[in-house]
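First the proteins, then the strands, lettered A, B, ... as listed; each starts at 1.
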2 protein chains.
Amino acid sequence: METKAAKTPRVALDREAWIKGAIAILAEHGAERLRVEVLAKRLGVTKGSFYWHFKDRRDLQNAVLQFWRDGRIHDIRKQTQAEPGGEAAALLHTIEVYSSARNRKGIAIEAAVRDWARRDPQAVAVVEEVDAERLACACRLFRACKLDEHEAQARSLLLYAYVFGVSLMRPGSFAGDLASLRTWIAGHIAR
Amino acid sequence: METKAAKTPRVALDREAWIKGAIAILAEHGAERLRVEVLAKRLGVTKGSFYWHFKDRRDLQNAVLQFWRDGRIHDIRKQTQAEPGGEAAALLHTIEVYSSARNRKGIAIEAAVRDWARRDPQAVAVVEEVDAERLACACRLFRACKLDEHEAQARSLLLYAYVFGVSLMRPGSFAGDLASLRTWIAGHIAR
DNA sequence: CATAATCCATACTGTAGCGTATGGAAAGAG
DNA sequence: CTCTTTCCATACGCTACAGTATGGATTATG
């Protein structure tokens, strides 16, 4: 009749497997279309399994938000630890990471979570935490570059607003060399 | 025979009324939750009416996108027409418009359409048209400020990426005076 | 081996929403 | 007035999905 799941006998999904699958859907289709039956099918099981691991859909959503928050905070701390003298390079690196095509999925998740935060208070709280940490880290780097507190804050805000904003835009055939524009911009922000 | 809805008898919704209602839902709940039955209820009718004015849901979505595109292109041309010497002020004004709290709904629509464009090809096309027009208009202003083509393009891209990006962020209690940060940033972008 | 705990499938109820079919009321045309 | 067009209501079938109930199968444990 049908498959016996010959590939992997008795895998036993755990919570994290569900969360990672959920994040994949989040990146591809957004928070609104994160549905338990769809996710279950993606993982090759039925929702009978889901409701053993999670109380309900909300439970999964919160778990996804926590997971994302922890990952982002861990990442930003790693990316912004620079040896003395390398702070400017670390700033440019941060900009590059968010503009990079090789980080497509990460950017998609970022956008999905931020859109999610437009309607969900839990998502708002998580995004605020992540933003606060990122702004604080960037601010430290700018201050290490001898900028005063106000300018460091302003440049930090500009930095993240730019990287998030540019991922929403479709410059299309705007410029001949988009890459050189981005390089100019990165320099103008990090200077 | 224009806007003859005096008392209440036989109001007769037209296509534009549906589109405007749809945009309100778009701003409040996003494209994914733009549903015809919900919209009908909002307008005080049933979907029997909807399917007289529109072929299907997709027909409404396309109409919404066209309407939004036409409005944005009209707006940006209006905002960026400056008398000689007023180009820098026009640029600052553009930044201010998108950052302003009194434009909350416009910003919400903007964000919704851009998120929409992450999955819908029609929305992608419209966003590309609008972005192209905006970038071109901003570019003209920067060039009028005696900047070379490359820098004008770079600053234009930075300008719009920033204004869209900042609307996605939750600076929370990041800075003591967020307004002064924005003023600094606006100056740094517009030069 | 026997029993319990773990993990998942199946079946069911209930709601939301899309699209269609059809009838009915209001307004204009003759 | 009658007839037609316009605009909307009602009723229907269908799909997607949330959550619950229950049983079955696998694995761990005494």
Under 3.5 Å, is there a donor-acceptor pair between the side chain of A:Arg15 and the main chain of A:His53? yes

Any pair counted as side-chain hydrogen bond (donor to acceptor under 3.5 Å, both in side chains), so long as it reaches residues 124-133 of chain B, sequence neighbours left out: B:Arg69-B:Glu129, B:Arg77-B:Glu133, B:Arg114-B:Asp131

Do the charged groups of A:Arg72 and A:Asp75 touch, with an N to O distance under 4.0 Å? yes

Which residue pairs pass the salt bridge (charged side-chain N to carboxylate O under 4.0 Å, His left out) test when at least one of the two sits in residues 151-173 of chain B, sequence neighbours left out? B:Glu151-B:Arg155

Kindly indicate whether the side chain of B:Val64, heavy atoms from C-beta on, has any atom under 4.5 Å from the side chain of B:Trp116. yes

Among residues at least two apart in sequence or on other chains, which ones pass ring pair (Phe, Tyr, Trp, His ring centres under 6.0 Å) with B:His188? A:His188, B:Trp184

Qualifying residues under salt bridge (Lys or Arg N to Asp or Glu O under 4.0 Å), relative to B:Arg191, sequence neighbours excluded: none

If we only count heavy atoms from C-beta on, is the B:Ser156 to B:Phe142 side-chain gap below 4.5 Å? yes

Review item, side-chain donor-acceptor pairs of residues 40-52 of chain B, under 3.5 Å, at least two apart:
| residue | atom | partner | partner atom | Å |
| --- | --- | --- | --- | --- |
| B:Arg42 | NH2 | B:Glu28 | OE2 | 3.0 |
| B:Thr46 | OG1 | B:Gly48 | N | 3.4 |
| B:Lys47 | NZ | B:Glu37 | OE2 | 3.0 |

Spacing between A:Leu43 atom CG and C:dA9 atom C1', to the nearest angstrom: 15 Å

Kindly write out the residues that satisfy side-chain contact (heavy atoms from CB on, under 4.5 Å) with A:Asp70, not counting sequence neighbours, or none if the list is empty. none

Output the residues of residues 50-62 of chain B in contact with DNA chain D, where contact means a heavy atom of the residue under 4.0 Å from an atom of the strand; sort by number or write none. B:Trp52, B:His53

Please list, one pair per line, the donor and acceptor atoms closer than 3.5 Å that link side chains of residues 89-97 of chain A to other protein atoms, with sequence neighbours excluded.
| residue | atom | partner | partner atom | Å |
| --- | --- | --- | --- | --- |
| A:Thr94 | OG1 | A:Ala90 | O | 3.0 |
| A:Glu96 | OE1 | A:Arg102 | NH2 | 3.3 |

Within this structure, what is the CG-to-P distance between A:Asp14 and C:dC7, rounded to whole angstrom? 9 Å

N/O-N/O pairs, protein side and nucleotides 10-13 of chain D side, under 3.5 Å:
none

Using the test side-chain contact (heavy atoms from CB on, under 4.5 Å), find all partners of B:Glu149 that sit at least two apart in sequence or belong to another chain. B:Cys139, B:Arg143, B:Gln153

Taking NZ, NE, NH1 and NH2 as the nitrogens, is one of them in A:Arg35 or B:Glu32 under 4.0 Å from a carboxylate oxygen of the other? no

Could you state the atom-to-atom distance from NZ of A:Lys41 to C1' of C:dT10 in whole Å? 14 Å

Just how far, in rounded Å, is P of D:dC7 from CZ of B:Arg15? 13 Å

CZ of B:Arg35 versus P of C:dG17: gap in Å, rounded? 6 Å

In whole angstrom, what separates A:Arg33's CZ from D:dA16's P? 11 Å

Among residues 16-32 of chain B, which residues get a heavy atom nearer than 4.0 Å to DNA chain D? none

Take the C1' atoms of the five end pairs on each side of the helix from C:dC1-D:dG30 to C:dG30-D:dC1, derive the two axes, and give their angle rounded to 10 degrees. 10°

